[in-house]
Amino acid sequence: MRILRALLAVSAVGAFRAPLRRVATPQTPLRAASVAEWRDACAKTGVVSFYDFGIRLAPPAPPAAPSSKTAYAAREVAKYVAATGAQFGLLLGAASAVDALPFALPAPVVWATFCFLSLRSRVFSLLDNSRPNREGMAGKATPVEVKRPAWTPPGIAFPFIWLTITALRATAATMVYAGALRSAPLEALMLHLCIGDTWNTVTNVEKRLGVSAIGCLAVWGSVLRAVQLFRESAAPAAGLVLAPSLAWISVACVLTANIWLLNGRKPLYPAASDGDSAKTKFAYLLQLEATTIRGGK
């Protein structure tokens, strides 16, 4: 009996110490994940990247609406067109009021009127048409941070150039004036001034170099049309007097295009990331300040 109990005790201890046997299960062969799969998993779950940089990846940003850039550009272009049209309409209204007077304007008054319009036509604009502050530009033709070609005229030359252009515009307008400001040549000149004011907003206030390069072509086309109508008027010589304005705008277009090329070729259309969009405000009417540029991006 004692022998039987000893045998049972030995067998129990042996069974307790025997290693456990697991039932074999079929194994799925493992494969290395591709880089694309890792990146996709990191982006979806926000786990730490497999490069072990310790950077938790944020969820992917929602894609921008494909039409957002187009919609923004369309709104800005509509703003330019509407502001130019409103300014031109106000100028024509003022001209009609003057023409309603029972007498024609003396030649000196016509000359002074178009001198004023050439220098301050922006008083009829709904946009901020402030001119550059030459002191803040350190005497340069453009802001100091803007690259410009070597042949750019010095900043001090621009006031003299524009004063000469102003005198020639006023003289040409006086030559074609025949008792009414509402005539095709003078209306073309007023439209040219309005387009020029909008271009000034794009260039100096919004600082959109690409849009400025394109807009300068509109300024050039408007002064070309004015020169043609002055040549076809009863005083054809007036077209020759106005022609230097066309020559100067041609130089300005080449200069503007070169500045655009030298400064990163910004978008040729209005973009939210390019420049500081100017607002349309009735408060800008009758604004005479010459150096109130509010800056931009």
Side-chain angles (χ1 to χ4, degrees), residues 84 87-125 127 129-132 134 153 156-201 203-204 216 218-253 284-291:
T84 304
Q87 183 181 5
F88 185 51
L90 290 173
L91 275 174
L92 293 183
S96 296
V98 173
D99 288 344
L101 297 174
F103 55 86
L105 297 178
V109 175
V110 176
W111 192 87
T113 298
F114 279 92
C115 274
F116 174 80
L117 289 179
S118 184
L119 293 172
R120 292 291 187 272
S121 57
R122 64 179 177 275
V123 300
F124 293 94
S125 178
L127 293 172
N129 277 286
S130 305
R131 266 43 177 180
R134 296 298 175 189
I156 195 173
F158 283 80
F160 295 101
I161 293 173
W162 282 116
L163 286 175
T164 302
I165 294 298
T166 294
L168 293 175
R169 285 172 174 171
T171 301
T174 304
M175 293 171 66
V176 301
Y177 177 73
L181 296 176
R182 292 295 304 271
S183 63
L186 296 181
E187 288 179 2
L189 180 57
M190 287 186 280
L191 177 60
H192 164 63
L193 296 176
C194 295
I195 295 175
D197 285 334
T198 301
W199 177 72
N200 176 78
T201 296
T203 304
N204 294 316
C216 193
V219 181
W220 184 87
S222 65
V223 71
L224 174 64
R225 179 57 176 165
V227 170
Q228 291 175 337
L229 291 176
F230 273 57
R231 286 285 294 167
E232 296 170 0
S233 69
L240 298 177
V241 176
L242 189 61
S245 183
L246 174 61
W248 170 240
I249 297 299
S250 300
V251 173
C253 286
Y284 290 130
L285 290 174
L286 306 180
Q287 182 184 26
L288 293 175
E289 292 85 351
T291 56

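All of these numbers come straight from a predicted model, not from anything done at the bench.
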Reported CH2-to-SG distance for the pair Trp199 and Cys216, which is rounded to 0.5 angstrom: 4.5 Å

Heavy-atom closest contact (Trp111 atom, Ala170 atom, distance): O-CB, 3.3 Å

Heavy-atom closest pair, residues Ala188 and Ala226: CB-CA, 3.9 Å

Spatial distance of atom CG (Leu117) from atom CG (Leu189) [nearest 0.5 Å]: 8.0 Å

Nearest atoms (heavy-atom pairs only) where Phe88 meets Glu187: CE1-O, 3.5 Å

Spacing of Leu92 atom CG and Cys194 atom SG [to the nearest 0.5 Å]: 8.0 Å

Gap separating the CE atom of Met190 from the CD atom of Gln87, nearest 0.5 angstrom: 11.5 Å

Euclidean distance, Phe114 CZ relative to Thr166 OG1, rounded to 0.5 Å: 12.5 Å

For Ala180 against Asp99, the heavy-atom pair lying closest together: CA-OD1, 3.4 Å

Test log, rule ring-ring contact (aromatic ring centres under 6.0 Å, His included), inputs Phe158 and Trp248: CA-CA 11 Å; Phe158 283 80; Trp248 170 240; 5.7 Å; yes

N/O donor-acceptor pair under 3.5 Å between Ser222 side chain and Val219 backbone: yes

Rounded distance (nearest 0.5 Å) linking atom CG of Leu186 with atom CG of Leu191: 12.5 Å

Arg122 and Leu193, any side-chain heavy atoms less than 4.5 Å apart: no

Closest non-hydrogen atom pair, Ser245 against Val223: OG-CG2, 3.7 Å

Taking every non-hydrogen atom, the tightest pair across Asp197 and Ser121: OD2-OG, 2.6 Å

